[in-house]
Amino acid sequence: MERVHSINHISDDAEYGELVTGTVKLAFATHPHAQSYFKQGYIRAHPKQPALGFELRFSCENLAQSYDKAVLAGAEPLCPPTKKDAQHYAYLRAIEGTLVCLIEI
C-alpha cells in the first residue's frame, strides 16, 4: 500500500500544490487557478448541491481518528466508520463539496 510521502510542490501564491504518493502525484488547486486552465469552464463542486459522480479515496491507518479529524476540520459526515465485507470505510463531504471516502488499511 502506497502512502503520501511528501509535498512535491506548492506555488509561491499557494494556489496550486502537489503531494507525492509513490508513483502518482495528487494535485490540488484553487478554483481561480483551475479556471485559468479551462477557458470553457467546468462544473464546480458545491456543498449545497448533490455530490458530483466521483470520490477521492484515501487510505488511513486509524479510520475513526481520521474521520473525527476531518469532521472537526469542517467535513460533513455522511457515513460514519462502517465495516462491510471485510472493508472498513467512512464517507464525508469536504468543505467545498467533494465526496471523500476513507479506507482503513
Review point. With F28, which residues qualify under ring-ring contact (aromatic ring centres under 6.0 Å, His included), at least two apart?
Key: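 Partners of F28 under the ring-ring contact (aromatic ring centres under 6.0 Å, His included) test: none.
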Practice item. Using ring-ring contact (aromatic ring centres under 6.0 Å, His included) as the criterion, list what pairs up with H31, not counting sequence neighbours. Key: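 Applying ring-ring contact (aromatic ring centres under 6.0 Å, His included) to H31 gives Y42.
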Exercise for review: Tell me whether F58 is reachable from I7 by hopping between hydrophobic residues (I, L, V, M, F, W, Y) whose side-chain heavy atoms are closer than 4.5 Å.
Suggested key: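 Result: yes, single cluster for both.
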Once side chain to side chain contact (heavy atoms under 4.5 Å, CB included) is applied, do any residues pair with [X], and if so which ones, sequence neighbours excluded?
X   : result
P77 : Y67, V71
D68 : none
L52 : I43, A45, F54
P50 : none

Working to the nearest 0.5 Å, report the span between [atom1] of [X] and [atom2] of [Y].
X   : Y   : atom1 : atom2 : value
N8  : L19 : CG    : CG    : 8.5 Å
E76 : Y91 : CD    : OH    : 15.0 Å
R93 : H46 : CZ    : NE2   : 9.5 Å

Exercise for review: Quick one: name the residues clustered hydrophobically with L72, using the 4.5 Å side-chain heavy-atom rule over I, L, V, M, F, W, Y, and just say none if it's on its own.
Suggested key: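 Traced through the cluster, L72 reaches no other member.
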Looking at every non-hydrogen atom in both residues, tell me the closest pair between [X] and [Y] and how far apart they are.
X   : Y   : result
P80 : A90 : C-CB, 4.0 Å
C60 : S66 : CB-OG, 3.4 Å
P32 : E15 : CB-OE1, 4.3 Å

In chain order, what residues pass the side chain to side chain donor-acceptor pair (under 3.5 Å) check against [X], with sequence neighbours excluded?
X   : value
D12 : none
S36 : none
Y16 : E18

Output a table of donor-acceptor pairs, distance under 3.5 Å, between side-chain atoms of residues 94-105 and any protein atom two or more places apart or on a different chain; print 'none' if there are none.
unit_1: E96; atom_1: OE2; unit_2: T98; atom_2: N; d: 3.2
unit_1: E96; atom_1: OE2; unit_2: T98; atom_2: OG1; d: 2.1
unit_1: E104; atom_1: OE1; unit_2: H88; atom_2: ND1; d: 3.3
unit_1: E104; atom_1: OE2; unit_2: L63; atom_2: N; d: 2.8

Exercise for review: Tell me, please, which residues at least two apart from R44 pass salt bridge (charged side-chain N to carboxylate O under 4.0 Å, His left out).
Suggested key: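 If we apply the salt bridge (charged side-chain N to carboxylate O under 4.0 Å, His left out) test to R44, skipping adjacent residues, there are no hits.
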Exercise for review: Look at atom CD of Q65 and say whether more than 12 heavy atoms of other residues, nucleotides or ligands are closer to it than 6.0 Å.
Suggested key: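 Counting neighbours around CD of Q65, 12 or fewer heavy atoms of other residues, nucleotides or ligands fall under 6.0 Å, so no.
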